[in-house]
Structure formats: structure tokens, C-alpha cells
Enquirer: 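Next up is a structure, given as C-alpha cells.
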Amino acid sequence: KTQFYSAEREDVKKSYPLYENKKLDNIIGSYLAGLIEGDGYISITKENRIILGITFNIKDKPLADKLLNYIGKGFIAKRKTKSIELRFSAKKSLYKIIELINGKFRTPKIDQLYKLIDWMNKNHISSLPSAGARTELKINKLPIDNSNLDTNNWLAGFIDADGGFYIRYSLKQIICKFHLEQRMIYPNTGESYNDILEKISLFFNVKLHIRIR
């Protein structure tokens with residue numbers, strides 16, 4: 001039987017470091033998946049290089065620094081607007097990101113993750129000798145995560161990317177609001193975002209508003 005331990009117990013932290021690392025990877029992985037699906041991109045250049053980027057407001061640079069430190073080799077680029085971009089292209093970093101987010105995407109943007117995995121399998125296949133032969137170890141493309149939104153941290157990442165809170169006030173009233181905005185159609189495949197946005201609306205018990213601009 002699998003035995004689970006509380007992360008608060010110091011003796012467990014010392015005795016089961018791999019368990020703790022896996023738990024942290026799951027927490028960060030689901031958050032990172034939501035963040036990438038909101039404000040990230042994965043592209044293949046003409047030179048057949050991969051760039052995985054995530055855009056942040058300049059005020060969120062401490063978060064970008066934390067993610068860079070956790071994932072490994074990459075860099076933060078300044079943009080002309082008041083924003084920065086966290087970029088990764090090193091093989092080791094891309095493997096780490098795939099390991100963290102594979103199976104945790106919830107939107108049509110999973111198309112980009114699948115292209116990244118295909119590219120990695122084609123260009124950087126790991127091999128091990130087995131009975132005199134070489135066995136290819138390919139990365140499997142895991143399906144969309146359809147679990148409840150409160151089972152992991154995906155929604156937090158998605159809101160950090162595309163959501164926000166604001167306060168409107170006057171002499172007569174104070175109004176506190178939250179909004180989460182996303183496009184209706186994913187342009188690369190023509191798939192709709194309606195399913196995931198409806199799921200979020202039901203989770204918060206609010207109506208989904210559609211507008212064209």
C-alpha cells in the first residue's frame with residue numbers, strides 16, 4: 001500500500017526527500033502550466049531552435065527570478081513596454097519544464113506543448129543500451145487535465161497570467177471586482193476556449209460574459 005505523510009513533519013522531510021521534491025514539482029508544475037497557457041508561448045525558429053517564453057509585468061520580476069532559479073538555465077529579457085520575458089531554450093531546462101507541466105494543461109494551447117515534445121523526441125532522444133541494442137526513451141504526450149479546478153494550482157497560474165482584481169470607488173460606493181479574460185478561439189487549431197472558461201465560471205458560480213472587440 002502507498003503511504004502518505006504530512007509535509008509538516010520534519011522527520012518525514014528528512015527521511016523522504018524524493019517525496020517532498022515530487023510534491024513541490026507537482027505544486028509548481030500545475031501553477032506553471034496555467035501561467036504558460038495564459039501568458040506563455042512555445043515556438044520553433046527557422047534555425048530549428050525552441051524558445052519557450054513567459055511574459056511578466058516588470059513588477060512581477062521577483063516571480064520570474066524564482067521560476068528561473070527553480071528551472072535552471074534561461075534568461076530574463078527586457079521588453080520595450082513595462083514588461084519582461086522569461087525565456088528558455090537549453091535542452092536541460094526544456095526537459096525540466098516538460099516534466100513539470102506534461103499532463104497539467106487544460107486549454108487548446110496544449111497544441112504548443114505537443115509540438116515541443118515532438119521536437120524534443122526528434123532532436124534530443126535519450127538512448128540506453130539494452131541487451132546489445134539501443135532503446136529509445138521518448139517523452140509521452142499526456143492528455144488534457146480534466147480534474148476539478150481545486151485539485152491543483154493550475155487556476156492560480158492562469159489567473160496570475162490573465163486575471164486581476166480591482167477596486168472602483170466613489171463618494172457613494174466601493175465596488176470590488178475580479179476578472180479573468182481569455183480569447184474565444186485558439187488561432188493555431190481553431191479550437192474553442194469555451195469548455196475551460198465555462199468550467200471556471202461554474203467553479204466561481206458566476207456567468208461567463210462574451211464580448212467582441
Side-chain angles (χ1 to χ4, degrees), residues 2 18 21-55 67-68 70-74 85-130 133-162 182-200 203:
T2 303
L18 293 178
N21 291 340
K22 187 66 176 176
K23 186 175 181 180
L24 184 58
D25 279 353
N26 285 332
I27 291 171
I28 293 178
S30 55
Y31 174 84
L32 184 61
L35 195 65
I36 292 172
E37 288 188 90
D39 264 343
Y41 70 89
I42 302 168
S43 66
I44 303 175
T45 68
K46 293 180 180 179
E47 295 78 23
N48 196 34
R49 291 178 62 249
I50 282 283
I51 297 176
L52 189 154
I54 310 171
T55 304
L67 290 173
L68 178 59
Y70 190 81
I71 293 169
K73 189 176 180 180
E85 190 173 294
L86 178 58
R87 294 178 186 171
F88 299 97
S89 57
K91 171 187 169 183
K92 188 175 181 180
S93 297
L94 293 174
Y95 265 126
K96 176 68 174 178
I97 293 170
I98 292 172
E99 186 180 47
L100 288 170
I101 66 177
N102 195 15
K104 297 181 177 70
F105 268 40
R106 293 177 180 264
T107 76
K109 213 169 187 176
I110 197 172
D111 165 71
Q112 291 188 24
L113 174 58
Y114 284 171
K115 287 180 180 178
L116 169 60
I117 293 174
D118 286 339
W119 185 89
M120 292 292 283
N121 283 336
K122 181 180 179 181
N123 294 279
H124 297 290
I125 295 174
S126 298
S127 300
L128 291 175
S130 175
R134 294 179 68 83
T135 304
E136 294 181 346
L137 302 178
K138 290 191 175 183
I139 305 169
N140 293 322
K141 292 186 282 190
L142 300 181
I144 275 184
D145 181 8
N146 288 310
S147 63
N148 293 332
L149 289 169
D150 58 359
T151 58
N152 58 41
N153 300 283
W154 179 90
L155 187 56
F158 199 59
I159 289 173
D160 268 0
D162 286 330
Q182 184 53 260
R183 70 182 78 198
M184 295 171 62
I185 302 296
Y186 178 61
N188 291 16
T189 62
E191 292 179 81
S192 173
Y193 274 83
N194 189 72
D195 286 349
I196 183 60
L197 295 179
E198 284 284 2
K199 195 169 186 178
I200 294 171
F203 181 73

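What you see is a predicted model, and the numbers here were worked out from it, not measured in a lab. What you see below is based on every heavy atom in this structure, not just the backbone, and it leaves out hydrogens, waters and symmetry mates.
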Enquirer: Does the pair K104 and Y31 meet the rule for a side-chain contact (heavy atoms from CB on, under 4.5 Å), with working shown?
Expert: CA-CA 9 Å; K104 297 181 177 70; Y31 174 84; over 6 Å; no
Enquirer: Within the structure provided, determine whether F88 and I50 are in side-chain contact (heavy-atom separation under 4.5 Å).
Expert: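 Contact flag for F88/I50 side chains = no.
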Enquirer: N48 versus W119: any side-chain heavy-atom pair under 4.5 Å?
Expert: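 Yes; the side chains approach each other to less than 4.5 Å.
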Enquirer: Only counting residues at least two apart or in another chain, list the ones meeting side chain to side chain contact (heavy atoms under 4.5 Å, CB included) with D111.
Expert: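 Partners of D111 under the side chain to side chain contact (heavy atoms under 4.5 Å, CB included) test: K115, Y186, N188, T189.
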Enquirer: Ignoring hydrogens, what is the shortest heavy-atom contact between I144 and T107? Give both atom names and the distance.
Expert: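 That would be CD1-O, 3.8 Å.
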Enquirer: Considering only heavy atoms from C-beta outward, does the side chain of I28 approach that of I71 to under 4.5 Å?
Expert: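 Result no, sub-4.5 Å side-chain heavy-atom pair not found.
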Enquirer: In Å, rounded to the nearest 0.5 Å, how long is the span from CG of L86 to CG of L35?
Expert: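 These two atoms lie 9.0 Å from each other.
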Enquirer: Show the numbers, then the answer: is there a side-chain contact (heavy atoms from CB on, under 4.5 Å) between L116 and I97?
Expert: CA-CA 10 Å; L116 169 60; I97 293 170; 5.5 Å; no
Enquirer: Under 3.5 Å, is there a donor-acceptor pair between the side chain of S93 and the main chain of K73?
Expert: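 The answer is yes, because a donor-acceptor pair under 3.5 Å joins these two groups.
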Enquirer: How far apart are the closest heavy atoms of R106 and E37, and which atoms are they?
Expert: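 For R106 and E37, the tightest heavy-atom pair comes out as N-OE2, 3.0 Å.
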Enquirer: Let me confirm one number: the CG-CD1 distance from L32 to I27, rounded to the nearest 0.5 Å.
Expert: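 Atom-to-atom, L32:CG and I27:CD1 are 13.5 Å apart.
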Enquirer: May I ask you to decide if S147's main-chain N or O and D145's side chain share a donor-acceptor pair within less than 3.5 Å?
Expert: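 Yes, because the side chain of D145 sits within donor-acceptor range (under 3.5 Å) of the backbone of S147.
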Enquirer: Any idea which heavy atoms bring I110 and F105 closest together, and the distance?
Expert: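 Taking I110 first and F105 second, the nearest heavy atoms are CA-CD2, 3.5 Å.
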Enquirer: Working note: I185 + S192, criterion side-chain contact (heavy atoms from CB on, under 4.5 Å); need CA distance, chi angles, decisive distance, verdict.
Expert: CA-CA 5 Å; I185 302 296; S192 173; 4.1 Å; yes
Enquirer: To the nearest 0.5 Å, what is the distance between CD1 (I159) and CG (N153)?
Expert: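 Result: 11.0 Å between the selected atoms.
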Enquirer: Going by side chain to side chain contact (heavy atoms under 4.5 Å, CB included), name the residues that satisfy it together with Y41, two or more places apart in sequence or in a different chain.
Expert: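 So Y41 forms a side chain to side chain contact (heavy atoms under 4.5 Å, CB included) with S43, I51, E85, R87, Q112.
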Enquirer: Drop me the distance from L113's CG to I36's CD1, to the nearest 0.5 angstrom.
Expert: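 Separation between the atoms: 8.0 Å.
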Enquirer: Can any side-chain N or O of K141 pair as donor or acceptor with the backbone N or O of D118 at less than 3.5 Å?
Expert: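 Between the backbone of D118 and the side chain of K141 there is no qualifying donor-acceptor contact (under 3.5 Å).
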Enquirer: Say whether, by atom type as modelled, one donor and one acceptor occur between the side chain of Y114 and the main chain of K109 under 3.5 angstrom.
Expert: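 Side chain of Y114 to backbone of K109, a donor-acceptor pair under 3.5 Å: no, none is there.
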Enquirer: Step by step, would you call N152 with N26 a side-chain contact (heavy atoms from CB on, under 4.5 Å)?
Expert: CA-CA 8 Å; N152 58 41; N26 285 332; over 6 Å; no
Enquirer: Under 3.5 Å, side chain of N102 to main-chain N/O of I98, donor-acceptor pair present?
Expert: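 A pair under 3.5 Å: no.
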Enquirer: How long is the span from the CG atom in D39 to the CD1 atom in I54, to the nearest 0.5 Å?
Expert: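 Interatomic distance, D39 CG to I54 CD1, rounded to 0.5 Å: 9.0 Å.
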Enquirer: Mind checking the CD1-CH2 spacing from I196 to W154? Nearest 0.5 Å is all I need.
Expert: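 Nearest 0.5 Å value for the CD1-CH2 distance: 4.0 Å.
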Enquirer: Could you tell me whether D162 and R183 make a salt bridge, using a distance below 4.0 angstrom between a side-chain N and a carboxylate O?
Expert: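 Looking at D162 and R183, the cut-off is not met.
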